[in-house]
Amino acid sequence: MLTIDGHALCITARNPNDQECGYAPVQTHGLVAEINTLSNTKETKSLELVLKNTAVTDFTGVVRVELCVPDPNPQFYMPSFLYNKNRGNVEPYYNRKGGIALFPRLSRDTAAAPYSDSWMVRSDRLSHPTVGLLSQKVLYGLSVDPLSEKGPLFNGFCCQWGTAEGRIGFTLGYENAPWLYVDLTTLKKSNFGCITVKPGETLTVPFTVHRLQADDERALNRLTRLVYQQFHQPPRTGPTVAQAVGDIALAIYSDGYVEASKTYSTRVFLKEGTPYQEPLASISWTGGVEVAAPVLLAAARLKDQRMRLQALTVIQNIVDHAMNPLSNLPFDAYDDQRWYTEGWWDGHLSQGGHTSYLVGQALSYILMGYEVEKDFFNTQHPEWLVFVQRCLEHIETTKDQDGEVPYLWSAQTGEGLEYDSFAGCWCVVAAIQYDRLVSHESLIASAKRSLHHYYEKFVCRMECYGTPIDTLKAIDSEGILSFIKASRLLHEKTQEKIYLEMLSDGLEYEFTFKFCWNPPIQYEPLKRIGWSSCGGSVTSTCNPHIHPMSSSVCDEIQYCYRQTGDEYFAQRLADTVRWSLQTYSAFDGEYDFGKKGWMSERFCYSEGLLIENYDNGEPCSTWRCFLPWGASNILQGLCGSLWDEE
């Protein structure tokens, strides 16, 4: 055992063929390890591990390097996989069937299995090749090249919550343990990727130890910045902004619209060469105005009146028919027969009702559409404002004493049923947008109070949860998008420094989910295409796939860069735009399904959520259907201020 700045650096190894033996000192396996210092600053120490096999036989297995910090209750950080303990300190969220999500949690309670006091993962599970531990206002971090030059393609990362200390580490080779996490309901047996060190062979591995002062959890963003600069790889090159907007908007217009329901389909499949629009409809999130408003903006950019009229039909249909008179809130879902709250997501909730995620997002996108109509077409829709105002005024009456919006409302009375979630921040965005459009000061003070609450309770603690409904309140990246939009709007309105700080912190939290490197994809079609992870964001700690929703805040990233002059934001914006341009079908069948302009919302960069298969049984690394709501987020990002600079 070696020491780094007074902390033990424990180097162990495991031969997976020896079922009786776990990780043991490297000497047990005939290995000799030493650590050399390459450079040293106050915050960063560059080191190298020198590992030599002194035995007469090959070593084949996994080598683990762990930093041990005496603290019985530290916080952990594995970007896009583990934030603190992934809410391991609270009771699991139960859906209405009594089921719980199996997303990774740290727990020392042996009865809490499948939750565990440790996790080991292959490096491609993390958006940045680093692991962190926060203890006593100090953030410790380890970073290493995510790819191995020996044996398997990947290295790994790990953490352990002990009774007297916490450990973070990296591995040469990898192990997925105690299980390979796949999705909300699926865990597989742990597996290995082993390195081989031959007799007399020496392996030299550079790595970095970070030691940062931490006033709070936002110090994780400083670690993320440092690792980004170490390991950044740009996405592959795609078409121009104008070309991508034209391709995607035409695909949504031609193949995504359901005439019978006057909406955009949640999923579109190609059956015998003909698009089939699945009759699932929502007012936002997975359809509805989340598609219509960006298509309306694309129609303005492309000067396409047909697209405009189609998008207007969707918005107007919701404004005319969605209001639930019992609750003064819009129904969340509908088909060509009825409006209701029990959408496809209903089974994930603890009880039925209106969801603030869908309601708030719907109001925000209706107002986005209103602004597009006013600015580009010199047309106003006052009934849209009346609809939104009625909802916002009711929502105000349901906030709790901290200004938090309910997670769920009763469909019978409109009263708040459940809180403790980030979902309602979308209602705050809508209130600020409404104020900007009508110069109505009655909502803005309450909106500010609410935004400060979301900032202090969720963002400053780097634990945003309870937004996308299918996560069962796992920590996620989607919710922060609303906070980013609200912070930007308030800074534009007030020029108060605090809102620029909120915007910066919100973006940097989102960036922890945004890949800075390009893991080699292991399965088709992404492997063949050379698809890039960098610039795409992981949806949550329980749905481990990259999706396009973060592309919707390109304007906000650019605004933050212009206000701060911080080149880091410019770099992240470039990654997001380039990722957006290379992630849809540039020609028919490029992703082994669909048509030009189509795109999925599920891109499997690792073994997580790898649940689709080709007809021959081989895994498929994407969802083979068109999701207009996913593609619309790309449109929103590309059709804003970026269009003017193209």
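Just so you know, residue 1 is the first one in the sequence shown, and it goes up from there.
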(message) Is it the case that the side chains of W517 and S533 hold a donor-acceptor pair, with the cut-off being a distance below 3.5 Å and no angle test?
(response) no
(message) Between D420 and K457 (salt bridge meaning N to carboxylate O under 4.0 Å), is one present in this structure?
(response) yes
(message) Run the side-chain contact (heavy atoms from CB on, under 4.5 Å) test on S282 and L358 for me, step by step, so that the C-alpha distance in whole Å, both residues' side-chain angles and the decisive distance to 0.1 Å come before the verdict.
(response) CA-CA 8 Å; S282 58; L358 276 92; 4.0 Å; yes
(message) Let me confirm one number: the CG-OG1 distance from N73 to T163, rounded to the nearest 0.5 Å.
(response) 12.0 Å
(request) Let me know which of R218, R572, R225 forms a salt bridge (charged side-chain N to carboxylate O under 4.0 Å, His left out) with E508. (result) R225
(message) Strictly distance-based, threshold 3.5 Å: is any side-chain N or O of N328 a donor or acceptor partner for the main-chain N or O of N324?
(response) no
(request) Side-chain contact test, heavy atoms from C-beta onward, threshold under 4.5 Å: evaluate it for Q75 versus L220 and give yes or no. (result) no
(request) Quick one: pull up CH2 in W531 and OG1 in T622 and give me the separation to the nearest 0.5 Å. (result) 8.0 Å
(request) Validate the cation-pi geometry between R87 and Y465: distance from NZ or CZ to the six-membered ring centre under 6.0 Å, angle to the ring axis within 45°. (result) yes
(request) Answer yes or no: is there an ion pair linking D346 with R96, defined by an N-O contact shorter than 4.0 Å? (result) yes
(message) So does G403 get a backbone contact from the side chain of S450, meaning a donor-acceptor N/O pair under 3.5 Å?
(response) yes
(message) With no hydrogens and no angle check, just 3.5 Å: does a side-chain donor-acceptor pair link S580 and S551?
(response) yes
(message) Quick one, T186 with D183, criterion side-chain hydrogen bond (donor to acceptor under 3.5 Å, both in side chains). Give me CA distance, side-chain angles, the key distance, then yes/no.
(response) CA-CA 5 Å; T186 308; D183 65 13; 2.8 Å; yes
(message) Evaluate Y181 against F103 for ring-ring contact (aromatic ring centres under 6.0 Å, His included), listing each step before the verdict.
(response) CA-CA 7 Å; Y181 176 73; F103 60 81; 7.9 Å; no
(request) Report the C-alpha separation of S327 and H354 in whole Å, then their side-chain angles, then the decisive distance to 0.1 Å, and conclude whether the side-chain contact (heavy atoms from CB on, under 4.5 Å) test is met. (result) CA-CA 9 Å; S327 64; H354 295 285; 2.9 Å; yes
(message) Ignoring hydrogens, what is the shortest heavy-atom contact between A411 and L326? Give both atom names and the distance.
(response) O-CB, 3.8 Å
(request) First locate atom SG of C625, then atom CZ of R602, and finally report the distance between them rounded to the nearest 0.5 Å. (result) 8.0 Å
(message) Using a 3.5 Å distance criterion without hydrogens, assess whether the side chain of T541 forms a donor-acceptor pair with backbone atoms of I475.
(response) yes
(message) Keeping S600 on the side-chain end and W623 on the backbone end, is there a donor-acceptor pair under 3.5 Å?
(response) yes
(request) Under the side-chain hydrogen bond (donor to acceptor under 3.5 Å, both in side chains) rule, what do E501 and Y455 come out as? Steps first, then yes or no, please. (result) CA-CA 10 Å; E501 292 174 358; Y455 184 55; 5.2 Å; no
(message) Could you check whether W339 and Y334 have their ring centres less than 6.0 Å apart?
(response) yes
(message) Given the ring of Y174, does R122 sit roughly above its face, with NZ or CZ under 6.0 Å from the centre of the six-membered ring and within 45° of the axis?
(response) yes
(request) Taking all heavy atoms of P628 and all of T266, pick out the closest pair and write down the distance. (result) CD-O, 3.8 Å
(request) For a ring pair (Phe, Tyr, Trp, His ring centres under 6.0 Å) with Y454, tell me which candidate from Y419, F422, Y509, F483 qualifies. (result) F422
(request) Give a yes or no on whether a salt bridge exists between D505 and R222, defined as a side-chain N under 4.0 angstrom from a carboxylate O. (result) no
(request) Say whether, by atom type as modelled, one donor and one acceptor occur between the side chain of Y93 and the main chain of S350 under 3.5 angstrom. (result) yes
(request) Report yes if some heavy atom in the side chain of I498 is under 4.5 Å from a heavy atom in the side chain of H452; otherwise report no. (result) yes
(request) Go through K399 and E396 one step at a time and tell me if the salt bridge (charged side-chain N to carboxylate O under 4.0 Å, His left out) criterion holds. (result) CA-CA 6 Å; K399 289 182 178 180; E396 282 299 308; 2.9 Å; yes
(request) Show your reasoning for whether side-chain hydrogen bond (donor to acceptor under 3.5 Å, both in side chains) applies to H453 and E404. (result) CA-CA 7 Å; H453 165 73; E404 185 173 307; 2.6 Å; yes
(message) Closer than 3.5 angstrom, by distance alone: can the side chain of D335 be matched with the main-chain N or O of R338 as a donor-acceptor pair?
(response) yes
(request) First locate atom CZ of F515, then atom OG of S532, and finally report the distance between them rounded to the nearest 0.5 Å. (result) 12.0 Å
(message) I'd like to check L82 versus C159 (side-chain heavy atoms, cut-off strictly below 4.5 Å). Are they in contact?
(response) yes
(message) Any side-chain to backbone donor/acceptor pair from S446 onto L443? Under 3.5 Å, distance only.
(response) no
(message) With rounding to the nearest 0.5 angstrom, report the OG1 to CD distance, T286 to Q361.
(response) 9.0 Å
(request) Determine, for W161 and K85, whether the Lys NZ or Arg CZ falls below 6.0 Å from the six-membered ring centre while staying within 45 degrees of the axis. (result) yes
(request) Can you see which heavy atom on F81 is nearest to which on Y83, and at what distance? (result) N-CE1, 4.1 Å
(message) Check for me whether the distance between the ring centres of F511 and Y568 falls short of 6.0 Å.
(response) yes
(request) For the pair N176 and E607, evaluate side-chain hydrogen bond (donor to acceptor under 3.5 Å, both in side chains) and give the outcome as yes or no after the intermediate values. (result) CA-CA 10 Å; N176 287 302; E607 297 164 292; 3.3 Å; yes
(request) Decide if atom CG of D109 counts as having more than 12 heavy atoms of other residues, nucleotides or ligands within a radius under 6.0 Å. (result) yes
(request) Hey, could you give me the CG/SG distance between L184 and C542, rounded to the nearest 0.5 Å? (result) 4.0 Å
